[in-house]
Structure formats: C-alpha cells, structure tokens
Colleague: 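This is the structure I have questions about; it appears just below.
Just so it is clear, the values below take in all heavy atoms, side chains as well, and ignore hydrogens, waters and symmetry mates. As the structure is a prediction and not an experimental result, all values here were calculated from the model.
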Amino acid sequence: MEYQKLMLEKQDRVCLVKINHPEALNALNTVILQELDRAFDEIAADPETDVVILTGEGRSFVAGADIAEMSVMKAEEGRRFGELGAAVFRKIELMAKPVIAAVNGFALGGGCELAMACDIRIASAKAKFGQPEVGLGITPGFSGTQRLPRLVGLGKAKELIYTAAVIHAEEACRIGLVNKVVEPEELMNECMAMAKTIAAKAPLAVRYAKEAINRGVETDMDTGIVIENGLFGLCFATTDQKEGMEAFLWKRKPEFKGN
C-alpha cells in the first residue's frame with residue numbers, strides 16, 4: 001500500500017513505521033491520521049510481522065496535532081477530529097502485536113498521546129514530552145486526559161496538563177511516562193534489539209499477555225484475574241506451548257511458529 005506521509009520497512013519480523021512529515025515536525029493532520037489507521041490495519045493482518053516500532057523522521061517524533069488545520073475548526077469539526085485521533089490511537093493500543101515508540105525528539109500534545117498509545121516508550125536523551133494544549137485554548141484531544149493519569153498518576157497528570165509543562169526525557173522516565181532513555185545515536189538500535197527479543201518469543205503468548213494486561217487494567221482485580229486465567233488456558237491449545245516447554249526440558253532453543 002502506498003502512503004504519502006508514512007514509511008514502512010520490515011526487518012525480520014519487525015515492522016518500522018516512520019511518520020514522514022519533517023517540514024512540520026511530523027504534526028498530525030487528517031491525512032497522517034488516516035494513513036496511520038490504514039497502516040496499522042495492514043500490519044495487523046500481516047502474518048510476517050510480530051512487533052512494530054513507531055517513530056518520526058527528522059528531529060521530532062510528533063510535535064503535536066496540526067495547529068494550522070485545527071485553527072479554523074468549529075466545535076463539531078473539532079469533536080470529529082478528536083474522535084478520529086482517539087480511534088486511531090485506540091486501534092494502536094489494542095492491536096494484538098506489541099508496539100514500541102522510538103521517541104527521537106519532540107513528543108508534544110498529539111505526539112505524547114501517540115507515544116502513550118504504544119506499549120513501550122524508549123526515548124532519545126534529546127526527547128521532550130508534554131501536553132501543552134491548554135496554552136492553545138483547548139484540552140488534550142486524543143485521549144491524553146485518560147492515558148496520562150494511568151501512566152504517571154492522577155496528581156502528576158493534572159500538574160502536567162494544567163501547567164502545559166514540557167519535560168525532558170529523564171524526567172519523563174522518572175515519573176513512569178518513558179521506559180528507558182538512551183543516547184540519540186543508540187535509539188533505533190535499542191528499539192530494534194528489544195523488538196527482536198520480543199519477536200523471538202511465542203507470538204500468541206505475547207499477544208495474549210498484551211490482551212490480559214490491557215483488559216485487566218480497565219477493570220477490577222478479580223475480573224482481571226478471570227481474564228488472565230482464560231487467556232492462560234488458551235495457551236495450552238497452541239503448538240508453541242508444547243514447543244516452548246519441550247525445548248526448556250531438553251535444554252535447546254525453541255522454534256516458535258505462532259500457532
């Protein structure tokens with residue numbers, strides 16, 4: 001599939017998705033959101049991809065949503081734009097395959113929200129994060145008010161959103177917004193190494209684990225345990241479970257097939 005503002009590249013069982021709009025610091029407009037929507041449908045259906053890395057071209061991950069596009073919107077248009085972004089990010093969050101955000105630079109507004117929709121965030125030491133929307137007269141619109149408190153806690157999320165503060169990567173890591181900070185030249189190597197480590201594991205087990213986590217954190221502990229138990233049981237219907245345990249017992253490397 002051809003894209004105007006995305007680049008897709010596959011390496012082994014990892015798909016690299018790069019937002020390619022550097023002249024606008026990869027700001028999210030309707031076209032980019034629609035292309036992300038299509039790209040993640042394509043990746044979800046690709047049996048040769050097990051892990052995704054999402055990043056931005058140039059010196060920005062995503063500097064935010066496109067202010068020029070938003071500046072002329074009326075209330076209904078703004079609501080629809082927010083719904084589009086929220087739906088695309090939710091698709092990324094719920095996709096069975098893990099997604100790693102390689103945050104190479106600015107991750108502000110919609111960029112921070114996009115990173116939060118990913119499973120794991122690895123940041124360049126030069127990256128900056130924030131939800132500066134209230135300084136523009138709007139709220140976060142792509143689910144930032146929902147994901148940020150779940151990641152960093154209610155009080156810290158309110159502080160960041162109310163003040164529109166922009167924080168450095170190390171502070172983002174300290175508060176739990178980012179998993180790891182690395183030097184800029186090591187970012188893609190670090191992300192690819194982690195992606196390949198995940199891809200070497202039993203694909204269905206990884207996907208069931210992601211589903212158990214995502215569904216479980218949105219409910220109470222007892223319901224979450226029931227969800228986990230059901231998915232744990234499904235693992236025993238897979239050939240990968242037999243292969244993984246047999247390989248362990250025979251002290252050899254497993255050869256997972258994804259079924």
Side-chain angles (χ1 to χ4, degrees), residues 6-7 14-28 32 36 51-67 85 89 92-93 98-136 140-198 213 217:
L6 298 182
M7 294 188 292
V14 179
C15 182
L16 173 64
V17 179
K18 184 176 289 188
I19 299 172
N20 185 28
H21 192 38
E23 64 275 16
L25 297 178
N26 300 321
L28 298 171
I32 293 174
L36 283 170
V51 184
V52 183
I53 297 173
L54 178 62
T55 193
E57 178 67 13
R59 62 191 182 95
S60 178
F61 177 72
V62 168
D66 189 328
I67 295 174
F89 291 6
I92 293 170
E93 183 174 47
V99 184
I100 299 171
V103 185
N104 51 306
F106 297 113
L108 305 176
C112 188
E113 290 166 311
L114 178 57
M116 289 192 291
C118 299
D119 295 281
I120 295 166
R121 286 155 294 283
I122 301 179
S124 157
K126 292 184 176 180
K128 294 182 179 181
F129 297 81
Q131 300 290 161
E133 288 89 346
V134 297
L136 298 170
F142 296 161
S143 310
T145 61
Q146 303 307 302
R147 290 195 179 92
L148 191 58
R150 287 166 165 82
L151 283 170
V152 306
L154 192 63
K156 179 56 72 171
K158 287 181 175 181
E159 175 190 334
L160 291 172
I161 291 171
Y162 296 172
T163 65
V166 174
I167 60 174
H168 293 278
E170 290 291 351
E171 174 66 5
C173 189
R174 188 189 70 80
I175 65 175
L177 180 56
V178 164
N179 296 73
K180 183 183 294 188
V181 179
V182 299
E183 291 304 311
E185 62 272 16
E186 291 300 319
L187 178 62
M188 294 313 300
N189 289 338
E190 185 75 24
C191 291
M192 187 60 70
M194 182 180 288
K196 289 183 176 180
T197 297
I198 296 170
I213 294 167
V217 297

Colleague: Please check this pair: side chain of Q131 against backbone of I161, looking for a donor-acceptor N/O pair closer than 3.5 Å.
Modeller: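 Absent.
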
Colleague: Any donor-acceptor pair under 3.5 Å linking the side-chain atoms of S60 with those of N26?
Modeller: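 Result is no, nothing qualifies.
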
Colleague: Which heavy atom of P22 sits nearest to which heavy atom of E57, and what is that distance?
Modeller: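 Shortest heavy-atom separation between P22 and E57 comes out as CB-O, 3.9 Å.
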
Colleague: Donor-acceptor check, side chain of R121 to backbone of L177, threshold 3.5 angstrom: yes or no?
Modeller: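 Pair found, side chain donor or acceptor close to backbone of L177.
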
Colleague: Shortest non-hydrogen contact from F129 to A172?
Modeller: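 Shortest heavy-atom separation between F129 and A172 comes out as CD1-CB, 3.7 Å.
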
Colleague: Looking at every non-hydrogen atom in both residues, tell me the closest pair between F142 and A65 and how far apart they are.
Modeller: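 In this case the closest contact between F142 and A65 is CE1-CB, 4.1 Å.
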
Colleague: Rounded to the nearest 0.5 Å, how far does CD of E186 lie from SG of C191?
Modeller: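 With rounding to 0.5 Å, SG (C191) is 11.0 Å from CD (E186).
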
Colleague: Can you tell me how far the CE atom of M192 sits from the CG atom of L187, to the nearest 0.5 Å?
Modeller: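 Reported to 0.5 Å precision, the distance equals 11.0 Å.
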
Colleague: Tell me whether N104 contacts the main-chain N or O of S124 through its side chain, where contact means a donor paired with an acceptor under 3.5 Å.
Modeller: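 Checking the backbone N and O of S124 against the side chain of N104, no donor-acceptor pair under 3.5 Å is found.
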
Colleague: Could you tell me whether the side chain of I175 reaches within less than 4.5 Å of the side chain of I167, counting heavy atoms only?
Modeller: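 Counting from C-beta outward, I167 and I175 do come under 4.5 Å.
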
Colleague: Start with the C-alpha gap between L28 and F89, add the side-chain angles, then the distance that decides, and say whether side-chain contact (heavy atoms from CB on, under 4.5 Å) holds.
Modeller: CA-CA 12 Å; L28 298 171; F89 291 6; 3.7 Å; yes

Colleague: Would you say the side chain of V166 lies within less than 4.5 Å of the side chain of F106, judging by non-hydrogen atoms?
Modeller: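 No; the side chains remain at least 4.5 Å from each other.
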
Colleague: Would you say the side chain of L25 lies within less than 4.5 Å of the side chain of L108, judging by non-hydrogen atoms?
Modeller: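 No; the side chains remain at least 4.5 Å from each other.
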
Colleague: Just how far is it from atom NZ of K126 to atom NE2 of H168, taken to the nearest 0.5 Å?
Modeller: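 One gets 13.0 Å once the value is rounded to the nearest 0.5 Å.
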
Colleague: Can you find a heavy atom in the side chain of L6 that is under 4.5 Å from one in the side chain of I19?
Modeller: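 Yes - at least one pair of side-chain heavy atoms lies under 4.5 Å apart.
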
Colleague: Nearest 0.5 angstrom please: I53 CD1 to I120 CD1, how far?
Modeller: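 With rounding to 0.5 Å, CD1 (I53) is 10.5 Å from CD1 (I120).
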
Colleague: Should we count NZ of K196 as having more than 12 external heavy atoms under 6.0 Å?
Modeller: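 Counting other residues, nucleotides and ligands, NZ of K196 exceeds 12 neighbours.
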
Colleague: Using modelled atom types and a 3.5 Å cut-off, is there a donor and acceptor pairing between side-chain atoms of N179 and backbone atoms of I122?
Modeller: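 Side chain of N179 to backbone of I122: no pair is present.
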
Colleague: Yes or no on side-chain contact (heavy atoms from CB on, under 4.5 Å) for L114 and F61, after CA distance, side-chain angles and deciding distance?
Modeller: CA-CA 9 Å; L114 178 57; F61 177 72; 4.2 Å; yes

Colleague: Side chains of M116 and L151: closer than 4.5 Å at any heavy-atom pair?
Modeller: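 Yes, their side chains come closer than 4.5 Å.
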
Colleague: How long is the span from the OG1 atom in T163 to the CG atom in L160, to the nearest 0.5 Å?
Modeller: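 Output value for this atom pair is 6.0 Å.
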
Colleague: Heavy atoms, side chains only, cut-off 4.5 Å: are I32 and V62 in contact?
Modeller: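 Side-chain contact under 4.5 Å: no.
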
Colleague: I'd like to know whether V182 forms a side-chain contact (heavy atoms from CB on, under 4.5 Å) with N189, so could you lay out the CA-CA distance, the side-chain angles of the two residues, the decisive distance to 0.1 Å, and finally the verdict.
Modeller: CA-CA 10 Å; V182 299; N189 289 338; over 6 Å; no

Colleague: If I compare all heavy atoms of R150 with all of Q146, which pair ends up nearest, and what's the gap?
Modeller: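 Closest approach of R150 to Q146, heavy atoms only: NH1-O, 2.9 Å.
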
Colleague: Tell me, do L136 and I67 make a side-chain contact under 4.5 Å, heavy atoms counted?
Modeller: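 A side-chain contact under 4.5 Å exists here.
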
Colleague: With a 4.5 Å limit on heavy-atom distance, are the side chains of D119 and I213 in contact?
Modeller: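 Result no, sub-4.5 Å side-chain heavy-atom pair not found.
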
Colleague: If every non-hydrogen atom of A195 is compared with every non-hydrogen atom of V51, which pair is closest and at what distance?
Modeller: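 Heavy atoms of A195 and V51 come nearest at O-CG2, 3.6 Å.
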
Colleague: Start with the C-alpha distance between I198 and I100, add both sets of side-chain angles, then the distance that settles side-chain contact (heavy atoms from CB on, under 4.5 Å), and finish with yes or no.
Modeller: CA-CA 11 Å; I198 296 170; I100 299 171; 4.3 Å; yes

Colleague: Closest approach of A123 and V178, non-hydrogen atoms and distance?
Modeller: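 So the minimum-distance heavy-atom pair works out to CB-CG1, 3.9 Å.
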
Colleague: How many angstroms lie between atom SG of C112 and atom CZ of R147, to the nearest 0.5 angstrom?
Modeller: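 If we round to the nearest 0.5 Å, C112:SG and R147:CZ are 11.0 Å apart.
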
